[in-house]
Amino acid sequence: MSVHHHTKNITLKRLQAMKSQAEKIACLTAYDASFAALLDDAGVDVVLVGDSLGMVIQGRESTVSVTMDDMIYHSQCVSSAIRHAFIIADMPFMTYTSVEQALDNATDLIQLGGVQMVKLEASIRQVSIVKELSECGVAVCAHLGLRPQYIHKLGGDSLQGNDEKSSEDLLRSAEHLQTAGADMLLLECIPDTLARRITDNSSIPVIGIGAGSDCDGQILVLQDVLGITPGMTPKFAKNFLADTHDIRSAIVAYVDAVKSSSFPLKS
């Protein structure tokens, strides 16, 4: 089992180079300093302080109750322990409904939280917000496909983009968001073939979760990788602790599996 020690810090430029060299990008969530240090040491390229903390840390049913204060606090915990990995934080529910609000909240996540990029759940509607953030020097990851903050509107977690109209909408959104200045895309729960098209059409790194094996990288929720998620685990997740003897080995196994393209399995 190999350990991918980072000799230098992962930057956006490095992630871009990984895409162009077809080197897979291994990403995981973290919400505290102890796990953040462990992920960093195990060679995780990108650490996401996810609003998934609503479920896995706070025990809520969805992400919608997570506040900016929660995100800043957990971002501070994570960023204090990271030496090499690239750090992204989620903009929580209803914190980027206007350009001004998005700029204020992104500023707090970067200045107070210590993160390098913000992630927002996006569609065509967010293009002007992404453009303004980008022009003000904020690195943005646009999250497309299944958007957990829309849970009450969607009525549940289901595959997105699985008919012609919605897949064309997603392709168009990905294109417009990239043109507006997004530096990364995250695709959640969309068909593998659509994820491949978006990845091939994008000059920026595309990270997948439940979106097949052809994205430039993969992300999972840390608790899913360790098999300790309360309640239902998504079917695209894998418990890496089941075949290893400790948490660190499980994280290294996940990184190895992403790097070698053995996770996720090709459908």
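All residue numbers in this chain count up from 1 along the given sequence.
Of all heavy-atom pairs between A142 and A182, the closest is CB-CB, 4.3 Å. Scanning all heavy atoms of the two residues, the minimum distance from I204 to D183 falls at CB-O, 3.5 Å. For Y96 against A102, the heavy-atom pair with the smallest separation is CB-CB, 3.7 Å. Summarising the geometry of A89 relative to M71, their closest heavy-atom pair is CB-CE, 4.4 Å, with the distance given to 0.1 Å. Taking both residues in full, the closest heavy atoms of A180 and V127 are given as CB-O, 3.6 Å, listed atom of the first, atom of the second, then distance. The two residues I124 and H176 come nearest to each other via the heavy atoms CD1-CD2, 3.4 Å.
Counting only heavy atoms from C-beta outward, the side chains of I88 and V115 never approach each other to under 4.5 Å. Residues F35 and I247 are in side-chain contact: their nearest non-hydrogen atoms beyond the backbone lie under 4.5 Å apart. Within the 4.5 Å cutoff, no side-chain heavy atoms of T244 are placed close to those of V252. Here the side chains of L222 and I251 are in contact, with some heavy-atom distance below 4.5 Å. At a threshold of 4.5 Å between non-hydrogen side-chain atoms, the residues H84 and D41 do not count as touching. Within the 4.5 Å cutoff, no side-chain heavy atoms of V46 are placed close to those of I219. Within the 4.5 Å cutoff, side-chain heavy atoms of L120 are placed close to those of V130.
Under the 3.5 Å distance criterion, with hydrogens and angles disregarded, a donor-acceptor pair is assigned to the side chains of D70 and Q58. No hydrogens or angles considered: a donor-acceptor pair under 3.5 Å links the side chains of D224 and T229. In summary, the side chains of S167 and E164 do not present any donor paired with an acceptor at a separation below 3.5 Å, with no hydrogens or angles considered.
Of the candidates Q126, R125, E121, Q126 is the only one forming a side-chain hydrogen bond (donor to acceptor under 3.5 Å, both in side chains) with S123.
A distance of 7.0 Å separates CZ in F240 from CG in L220, rounded to the nearest 0.5 Å. Atom CE of M184 and atom CG of L12 lie 6.5 Å apart (nearest 0.5 Å). Between the CG atom in L241 and the CZ atom in R248 there is a gap of 14.0 Å [rounded to 0.5 Å]. For the atom pair NE2 (H143) and CD1 (I209), the distance works out to 7.5 Å, reported to the nearest 0.5 Å. Rounded to the nearest 0.5 angstrom, I110 CD1 and I72 CD1 are separated by 11.5 Å. For the atom pair CG of L185 and OG of S202, the computed distance is 5.0 Å after rounding to the nearest 0.5 Å.
Side-chain atoms of Q223 do not come within 3.5 Å of backbone N or O of I57 as any donor-acceptor pair. Of the possible polar contacts, one joining the S79 side chain to the G113 backbone as a donor-acceptor pair under 3.5 Å is found. Counting only distance, with no hydrogens or angles, the side chain of Q160 and the backbone of C189 share no donor-acceptor pair below 3.5 Å. In this structure a side-chain-to-backbone donor-acceptor pair under 3.5 Å is missing from D45 to C27. No donor-acceptor pair under 3.5 Å is formed between the side chain of D200 and the backbone N or O of R197. Judged by distance alone, with hydrogens and angles left aside, the side-chain atoms of T29 form no donor-acceptor pair with the main-chain N or O of L48 at under 3.5 Å. A donor-acceptor pair under 3.5 Å is absent between the side-chain atoms of K238 and the main chain of Y254, judged by distance alone. K131 contributes no side-chain N or O that, together with a main-chain N or O of T179, makes up a donor-acceptor pair within less than 3.5 Å. Between the side chain of T95 and the backbone N or O of P92, at least one donor-acceptor pair lies under 3.5 Å.
A salt bridge does not link R60 with D51: none of the charged nitrogens is closer than 4.0 Å to a carboxylate oxygen. Salt bridge annotation for D40-R83: absent, with no cationic side-chain nitrogen under 4.0 angstrom from a carboxylate oxygen. Using a 4.0 Å cut-off between charged side-chain N and carboxylate O, R147 and E188 make no salt bridge. A salt bridge does not link R172 with E168: every distance from a Lys NZ or Arg NE/NH1/NH2 to an Asp or Glu carboxylate oxygen is 4.0 Å or more. Ionic pairing of D169 and K165 is present here: one or more N-O contacts between side-chain nitrogen and carboxylate oxygen are shorter than 4.0 angstrom.
Listed by first then second residue, pairs satisfying salt bridge (Lys or Arg N to Asp or Glu O under 4.0 Å) with a partner in residues 86-108 read D90-K119, not counting sequence neighbours.
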Candidate pair K266 and D192, rule side-chain contact (heavy atoms from CB on, under 4.5 Å), full reasoning: CA-CA 9 Å; K266 291 203 180 292; D192 301 12; over 6 Å; no
Could you go through the side-chain contact (heavy atoms from CB on, under 4.5 Å) check for D216 and M18 one step at a time? CA-CA 8 Å; D216 300 311; M18 289 170 79; over 6 Å; no
Residues F93, V66; criterion side-chain contact (heavy atoms from CB on, under 4.5 Å); working and verdict: CA-CA 7 Å; F93 180 63; V66 176; over 6 Å; no
side-chain contact (heavy atoms from CB on, under 4.5 Å) for I190 and I198? Distances and angles first, verdict last. CA-CA 11 Å; I190 69 169; I198 292 173; 4.2 Å; yes
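No path of Ile, Leu, Val, Met, Phe, Trp and Tyr side chains, each step under 4.5 Å between heavy atoms, connects Y73 with I87, placing them in separate hydrophobic clusters.
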